Amino acid sequence: MTYKKTFLTMVTAVCLSCFVFTDSIAQTNKDTCVGKQDSILHKFVYNKVDEAPEPEGGLDKMGDVLMKNIKLPQDSSFYAGSAIVVFVIEPNGTIDGKRITRDSSGDKQLLGKHVLDIISKIKWKPAKCNGQPVPCLYALPVHIN
């Protein structure tokens, strides 16, 4: 009886490991990077990548840089609210194709322009697909109370 139980346990373990192993191979063979033609830069950029782009020093450091460098004028009512800025992080870590998709400061887009000026000075670690740096579309929401 013990031999039969041990044999069944081994067969189950082998079958389970084969299932897990083939499933992990199937996942690594899937093309996880997805992109599209950018309407502003007129080139292919990725919006889903294996490794996301990251500002040098991390997201916390970028938040600190934004908080330290956003200078609100006396009449800061134009800055109150939120903005969403979108840009492409190039394979060399620079920013291109900057745009403001939403800005609560209206037509002047003061908050969005100010954020883009600050973000442009930050060096980025590029996104990667299959281990290679690729251009990646990045959206950054900013909220000011």
Side-chain angles (χ1 to χ4, degrees), residues 5-6 8-145:
K5 195 173 188 179
T6 306
L8 288 175
T9 305
M10 284 180 42
V11 169
T12 304
V14 169
C15 289
L16 184 59
S17 65
C18 288
F19 174 73
V20 170
F21 184 73
T22 56
D23 190 38
S24 66
I25 289 175
Q27 287 180 358
T28 58
N29 288 340
K30 287 181 185 174
D31 188 15
T32 57
C33 298
V34 178
K36 63 180 183 175
Q37 188 73 15
D38 186 76
S39 60
I40 293 179
L41 295 176
H42 304 290
K43 70 177 188 177
F44 191 83
V45 297
Y46 291 86
N47 52 10
K48 185 177 177 189
V49 293
D50 295 333
E51 292 179 42
E54 183 177 294
E56 288 188 354
L59 293 173
D60 291 337
K61 172 97 168 152
M62 181 181 66
D64 292 343
V65 169
L66 281 171
M67 287 191 329
K68 193 184 301 183
N69 291 308
I70 288 182
K71 307 280 189 248
L72 300 178
Q74 292 289 19
D75 180 23
S76 61
S77 62
F78 284 115
Y79 286 88
S82 60
I84 299 174
V85 296
V86 179
F87 45 91
V88 174
I89 301 168
E90 296 292 341
N92 63 3
T94 60
I95 292 177
D96 198 8
K98 299 180 283 188
R99 58 203 95 158
I100 302 165
T101 58
R102 180 175 181 266
D103 193 330
S104 59
S105 64
D107 292 340
K108 295 181 181 182
Q109 298 182 329
L110 297 175
L111 178 58
K113 288 177 183 175
H114 196 49
V115 169
L116 283 174
D117 286 342
I118 296 167
I119 292 296
S120 296
K121 297 172 185 168
I122 297 174
K123 180 76 173 164
W124 289 74
K125 295 178 188 172
K128 290 187 180 180
C129 283
N130 300 322
Q132 298 297 316
V134 295
C136 182
L137 198 61
Y138 195 91
L140 178 69
V142 177
H143 185 73
I144 305 267
N145 291 334

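Given the structure is predicted, the values throughout are model-derived calculations rather than measurements.
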Do [X] and [Y] touch side chain to side chain, with heavy atoms closer than 4.5 Å?
{"X": "L59", "Y": "M62", "value": "yes"}
{"X": "V85", "Y": "K98", "value": "no"}
{"X": "F87", "Y": "L140", "value": "yes"}

Test side-chain contact (heavy atoms from CB on, under 4.5 Å) applied to K121 and N69, step by step: CA-CA 11 Å; K121 297 172 185 168; N69 291 308; over 6 Å; no

More than 12 heavy atoms of other groups within 6.0 Å of K123 NZ: yes

Residue K36 excluded, over 12 heavy atoms near NZ under 6.0 Å: no

From [X] [atom1] over to [Y] [atom2], what is the distance, rounded to the nearest 0.5 angstrom?
{"X": "Q109", "Y": "L116", "atom1": "CD", "atom2": "CG", "result": "9.0 Å"}
{"X": "K68", "Y": "K61", "atom1": "NZ", "atom2": "NZ", "result": "6.5 Å"}
{"X": "Q132", "Y": "C33", "atom1": "CD", "atom2": "SG", "result": "11.0 Å"}
{"X": "E56", "Y": "I122", "atom1": "CD", "atom2": "CD1", "result": "10.0 Å"}
{"X": "I118", "Y": "K113", "atom1": "CD1", "atom2": "NZ", "result": "14.5 Å"}
{"X": "E90", "Y": "C136", "atom1": "CD", "atom2": "SG", "result": "10.5 Å"}

Any donor-acceptor N/O pair, E54 side chain to W124 backbone, under 3.5 Å: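 No, the answer is negative, given that no donor and acceptor are paired below the 3.5 Å cut-off.
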
Of all heavy-atom pairs between [X] and [Y], which one has the smallest distance, and what is that distance?
{"X": "P91", "Y": "P126", "value": "O-CG, 3.2 Å"}
{"X": "Y138", "Y": "P53", "value": "CD1-CG, 3.7 Å"}
{"X": "P135", "Y": "V88", "value": "CB-CG1, 4.0 Å"}
{"X": "C129", "Y": "Y46", "value": "SG-CD2, 4.0 Å"}
{"X": "L111", "Y": "D103", "value": "N-OD2, 3.6 Å"}

side-chain contact (heavy atoms from CB on, under 4.5 Å) assessment of D50 paired with K128: CA-CA 6 Å; D50 295 333; K128 290 187 180 180; 5.6 Å; no

Option passing side-chain contact (heavy atoms from CB on, under 4.5 Å) with V45 (candidates I89, V134, D38):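 Of the listed residues I89, V134, D38, the side-chain contact (heavy atoms from CB on, under 4.5 Å) partner of V45 is D38.
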
Verdict with reasoning, I119 to L66, per side-chain contact (heavy atoms from CB on, under 4.5 Å): CA-CA 8 Å; I119 292 296; L66 281 171; 4.1 Å; yes

